[in-house]
Amino acid sequence: MTVAYFRTMNDISQFSVGISVLEITYILASVLFILGLKMLSHPLTARRGNRLAAIGMIMAILATILFHRKEGEPIGNIGLIIAAIVIGTIIGWVIAKRVKMTAMPQLVSFFNGMGGAAAALISMMEFPHVSPELIAKSGMANGHVLAILLGLVIGTISWAGSMIAFGKLDGRIGDMRIKAMRYVNLTILAVIIGFVVFIMTRHVQASAELTPLIIILFVTAVVYGVLFVMPIGGADMPVVISLLNSFTGVAAAMGGFLYNNQAMLTGGILVGSAGTILTILMCKAMNRSLLNVIVGVFGGGGQAQTGVAGTVKEISVSDAAVLLSYSKKVVIVPGYGLAVAQAQHICHELDKLLEAKGVEVRYAIHPVAGRMPGHMNVLLAEADVPYEQLVESDEINPDLPNTDVVVVIGANDVVNPAAEDDPSSPIYGMPIVKARDAKNIIVMKRGMGKGYAAIENMLFFNDKTRMLFGDAKTTLQNLVNEVKAL
Amino acid sequence: MEGILEFFMANRGIIYMVILSVFLGIEVISHVPAILHTPLMSGANAIHGVVIIGAIIVMGHAETTGAMILGFLAVVLGTLNVVGGFVVTDRMLEMFKKKK
């Protein structure tokens, strides 16, 4: 391989003002990416950080169009490139602005898939053009070909996987849980690696001769991406998206190797490593290991508590209204059910009514409430619930024994006492909101269905628990009317 | 063995950069609070849209119609990743701001 990269990096003979401007812009863009990420991890600076990174990106794109040279050739097809950017911008902007906040996770997944697909396309187009001199010198086994193949494989897996994750979160694709899947997946992965080695050990004059093999490699990677995500439970999708996010970062970095492009390299690697750490942090928030998520032990369907006995007790809307109105302290535990019912606004109306009656209302936010860590904060912020009312579960738990009523709305696993009591439960050890410590518990639910993790919840059979069945939005609306009428 | 060493010598600049970037990525976000996981993931998602630069380069040197179509598609998809990613992140963070 090889000398090729380093040579261009130091070769002064290629000096021109345009190239220097380009390289300086790339350095600035890289710095802005780093600063942006850094600022994104603090609540106060997050928004500015995102914008800084966006400015870096615009600079890098403009400089590339204006100053990039490949063997002295400037960027051609500028009209078409600008047209493509305009089309992408309009579509991306409209989708990003229109989509409901509840659909945010699948949207991130969708955009991530687009990046992966772009990386795969680049590899596919570059493969037939590997320089014949390089092949004559070191055969197909060189860094250039490796970067192309890895970009193709990783980008494709990220694209296919993201589309499946998107479908799952959007409720279009169900889970497929077959134990044998992991062996199938490992086999396919081995096939892909074998194929990459096979391609790199061919003896050819020009890489274009191997184009059919590239297409087979692409198809295999699509199959792997699909099968990799299929068996993973819907509840674990955020972790998967975060993982695929870092995959796309690595795929973009491969493009950086390919073109000896520092902006792509730093941007890609940065996202690759930050994404990996973020994935691990998310797993930690759920007290699970990454391996456990990928292999998919979750959602085996309630191994332990077989045939949980007990009856659930219902409560009428008017009784619930009275109970809430005459309480001193109320804690609302919102879950994804609240979000899908689009009930966050009406929920805030209820809490305002109760506050007007002198009831102290707070929200207990579990780190993984919703579909992604932090998702619930976004949803409640959208409904104008004041930040001070949102309390993290660790913080609110000690105060729950003094709480008159805990209202669980569309949440299930995050209040399941099995996480503390039942070592055989798949969620054992996960930190929960200790709803059962409260004096009264009202659970709003559509029906007696199990939660996302598909395990029985003993909280519903607790003596202090009263169930309020129905759609969260309708029930809350009825409750608001009752409270008003009191 | 010599081949490996040669590879290392020829690419040591890039290898340095990759290793340092990996540590930087880890360091930069390792203390992020859980409420920011979603926006951070979304922001990082937008940053790997930098792949669009590769798409522009490949499209800029495309000659056959087939390559043009694929290149065009790559630029559109890359732009979707960049624009969608940043706009959606901004929208999420906008909501955090309102509460104050």
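In what follows, chains are A, B, ... by sequence order, proteins preceding strands, each numbered from 1.
Using a 4.5 Å heavy-atom threshold, the side chains of A:L265 and B:S21 count as separate. Side-chain atoms of A:I269 and B:M17, non-hydrogen and from C-beta on, never get closer than 4.5 Å to each other. At least one side-chain heavy atom of A:L40 sits under 4.5 Å from a side-chain heavy atom of B:T89. Here the side chains of B:M59 and A:M125 are not in contact, with every heavy-atom distance at 4.5 Å or above. At least one side-chain heavy atom of A:F33 sits less than 4.5 Å from a side-chain heavy atom of B:V50. For the pair B:V18 and A:F257, the minimum side-chain heavy-atom distance is below 4.5 Å. Taking the side chain as every heavy atom from C-beta outward, B:V58 and A:L121 never approach each other to under 4.5 Å. Side-chain contact between B:H61 and A:N77 is absent, with no heavy atoms from C-beta onward closer than 4.5 Å.
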(request) Would you please test B:T38 and A:N377 for side-chain contact (heavy atoms from CB on, under 4.5 Å) and show each step? (result) CA-CA 10 Å; B:T38 298; A:N377 300 66; over 6 Å; no
(message) Evaluate B:V82 against A:F111 for side-chain contact (heavy atoms from CB on, under 4.5 Å), listing each step before the verdict.
(response) CA-CA 8 Å; B:V82 170; A:F111 289 136; over 6 Å; no
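Heavy atoms of B:A46 lying under 4.5 Å from chain A belong exclusively to its backbone. For B:I52, the part sitting under 4.5 Å from any heavy atom of chain A is the side chain, from C-beta outward, and nothing else. Contacts between A:M57 and chain B at a heavy-atom distance below 4.5 Å involve the side chain alone, from C-beta outward. Proximity to chain B (any heavy atom under 4.5 Å) is restricted, for A:M104, to the side chain, taken from C-beta onward. In this structure, no portion of A:R48 lies under 4.5 Å from any heavy atom of chain B. Proximity to chain B (any heavy atom under 4.5 Å) is restricted, for A:L107, to the side chain, taken from C-beta onward. If you measure heavy-atom distances from B:L73 to chain A, the contacts under 4.5 Å come from both the backbone and the side chain. Heavy atoms closer than 4.5 Å to chain B are found in both the backbone and the side chain of A:N50. Neither the backbone nor the side chain of A:P128 has a heavy atom closer than 4.5 Å to any heavy atom of chain B. Heavy-atom distances place the side chain of A:Y26, and not its backbone, under 4.5 Å from chain B.
Checking A:T89, A:I91, A:I81, A:I90 one by one against B:T79, the side-chain contact (heavy atoms from CB on, under 4.5 Å) holds for a single residue, A:T89.
For chain A, the option among B:G54, B:P39, B:G49 with the highest count of heavy-atom pairs below 4.5 Å is B:G54. Per-residue heavy-atom pair counts under 4.5 Å with chain B were compared for A:L244, A:L270, A:V108, and the maximum is reached by A:V108. Looking only at heavy-atom pairs under 4.5 Å with chain A, the residue among B:N45, B:V88, B:I56, B:V76 that has the most is B:N45. In terms of non-hydrogen atom pairs under 4.5 Å with chain B, the most contact-rich of A:G272, A:G256, A:G255, A:G249 is A:G249. Of the listed residues (A:M124, A:E73, A:H42, A:K97), the greatest number of heavy-atom pairs within a distance under 4.5 Å of chain B belongs to A:K97. Interface summary for chain B: among A:A84, A:A252, A:G92, the most heavy-atom pairs under 4.5 angstrom belong to A:A84.
The two atoms that bring A:I87 and B:F72 nearest to each other are CD1-CZ, 3.8 Å, heavy atoms only. The two residues B:A44 and A:N245 come nearest to each other via the heavy atoms CB-ND2, 3.9 Å. The heavy-atom pair separating B:I29 from A:L37 by the smallest distance is CG2-O, 4.4 Å. Residue A:L278 comes nearest to B:V32 through the heavy atom pair CD1-CG1, 4.4 Å, listed as atom of the first residue, atom of the second, then distance. When all heavy atoms are compared, the tightest approach of B:V51 to A:I122 is O-CD1, 3.5 Å. Nearest approach of B:L40 to A:S41, heavy atoms of both residues: CD1-N, 4.3 Å.
More than 12 non-hydrogen atoms from other residues, nucleotides or ligands lie less than 6.0 angstrom from NZ of A:K70.
The CZ atom of A:R98 lies 11.0 Å from the CZ atom of B:R91; values are rounded to the nearest 0.5 Å. Taking OG from B:S30 and CD1 from A:I280, the interatomic distance works out to 11.5 Å, rounded to the nearest 0.5 Å. Here the CD1 atom belonging to B:I19 is positioned 12.5 Å from the OG atom belonging to A:S273, to the nearest 0.5 angstrom. Note that CG of B:N81 is 8.5 Å distant from CE of A:M114, once rounded to the nearest 0.5 Å. To the nearest 0.5 Å, atoms OG (A:S246) and CE (B:M41) are separated by 10.5 Å. Taken to the nearest 0.5 Å, the CE atom of A:M264 stands 12.0 Å off from the NE2 atom of B:H48.
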